[in-house]
Amino acid sequence: MSDPNKPSVLLIYTGGTIGMQQNTDTGALEAVNFNQLQKNMPELKRFNYNIQTIQFNPPIDSSDMEPSLWTKLVHIITDNYNDYDGFVILHGTDTMAYTASALSFMLQNLHKPVILTGSQLPIGMLRTDGKENLITSIEIAAAKNADGTAIVPEVCIFFENQLLRGNRTTKINAENFNAFRSYNYPALATAGIHIKYEYDRILKPNYNSPLIPHFVYGTDVAILTLFPGIQEGVISTVLHTPGLRAVVLKTYGSGNAPQKPWFIDELKSATARGIVIVNISQCPSGMVEMQRYETGLHLLDAGVISGYDSTVESVITKLMFLLGHNKNVEEIRYLMTIPVCGEFTIPV
Ligand code: ASP
């Protein structure tokens with residue numbers, strides 16, 4: 001029986017490099033089960049916390065992540081919500097920002113920390129970054145204010161000393177330990193000798209209402225990245241994909257796109273068919289301002305809506321979340337323009 005006075009954290013192991021080992025035949029890294037991972041982490045026993053684990057069976061490389069597994073994570077967190085102070089999800093880095101963004105929408109009015117972490121080197125390797133990432137994530141997941149509420153009641157990514165809002169984060173480096181960046185929102189905490197929390201940047205849930213978990217999503221979405229010379233046939237094929245309901249359009253600079261009539265007509269006709277098109281910039285830093293240049297104004301005119309300074313991971317997962325709730329086009333268009341859990345900045 002666990003001691004109710006000890007901080008308690010549920011560790012959910014989905015897979016990823018952190019728990020991988022080299023296959024001696026092929027030389028490739030493969031996910032292994034959590035017991036093997038724990039063997040390389042005797043430090044876990046030194047926590048005076050109640051730490052329980054649940055693992056995906058089999059553990060996956062996060063390139064195999066699917067929305068159905070986001071639902072599975074929501075079920076695990078919801079089923080165990082009252083028994084733990086916080087949750088740590090061990091996840092591959094490749095799609096961690098998508099999972100963090102999706103969970104931020106699916107776990108509405110979260111009162112407890114959900115911290116995703118992983119590593120660039122497996123935990124069994126001498127120079128691994130996994131141990132520090134995991135240990136600090138567990139500490140953050142259990143951290144409480146003097147009144148007993150969680151310090152960070154949000155879905156976050158902790159990596160290489162920084163705690164970042166999950167739906168603001170992007171993987172930016174396939175090699176360095178410093179693999180994630182939140183370009184448009186500052187870190188929620190920094191881990192040095194002490195963990196320095198930035199209290200005024202952290203979301204405050206409504207403590208008078210419970211967690212509202214969501215288990216549904218839609219997948220009739222696409223991401224369309226512009227480049228000079230993109231052909232009409234490509235745009236048209238994407239926008240006429242059978243069943244398509246929403247598109248993330250990755251434009252240039254502050255939300256600009258070609259002014260060619262065929263291009264604007266394709267967008268106009270897609271919005272007229274009820275396809276929601278959200279404009280985000282290919283620049284990771286800064287914000288879409290379609291009224292700034294004529295090349296942006298045409299998009300506004302075609303019914304394209306602004307994603308402001310959102311990440312692509314956040315827009316695509318928010319669209320999937322809203323589509324899953326069978327909201328109509330007008331509701332989706334409206335909800336895309338208001339941040340529901342700090343996912344973008346409303347310009348002043
Ligand atoms: N391919 C791995 C994954 O995303 C990479 C990692 O964990 O860093 O599962």
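We count ligands from 1, going down the list as the structure has it; atoms in each ligand are counted the same way. Residue numbers count from 1 along this sequence. Computed from a predicted structure; not experimentally measured.
Here the heavy atom of the protein found nearest to atom 9 (O) of ligand 1 is S62 N, 2.7 Å. Looking at atom 8 (O) of ligand 1, its nearest protein heavy atom turns out to be T93 OG1, 2.4 Å.
Side-chain atoms of Y293 and S254, non-hydrogen and from C-beta on, do get closer than 4.5 Å to each other.
Ion pairing between a basic and an acidic side chain is recognised when a charged N comes within 4.0 Å of a carboxylate O; E343 and R168 show no such pairing.
More than 12 heavy atoms of other residues, nucleotides or ligands lie within 6.0 Å of CD in Q108, so this atom counts as buried by the packing criterion.
Taking only nitrogen or oxygen atoms, main chain and side chain alike, D61 reaches within less than 3.5 Å of ligand 1. Geometrically, ligand 1 and H91 share no nitrogen or oxygen pair separated by less than 3.5 Å. When only interatomic distances are considered, the shortest N/O to N/O separation between T95 and ligand 1 does not fall below 3.5 Å.
The proximity of S119 to ligand 1, defined as any non-hydrogen pair under 4.0 Å, is limited to the backbone.
Proximity of the aromatic rings of H75 and F215 is defined here by a centroid distance below 6.0 angstrom, and this criterion is met.
Counting the atoms of ligand 1 from 1 in the order shown, those under 4.0 Å from a heavy atom of T17 are 2 (C), 5 (C), 6 (C), 7 (O), 8 (O). Here is the list of ligand 1 atoms found below 4.0 Å of a heavy atom in G16: 7 (O), 9 (O).
Here the options are T17, T95, T99, the test is side-chain hydrogen bond (donor to acceptor under 3.5 Å, both in side chains), and the partner is S62; only T95 passes.
Using cut-offs of 30° and 60° on the angle between ring planes, the pair H214 and F321 is perpendicular.
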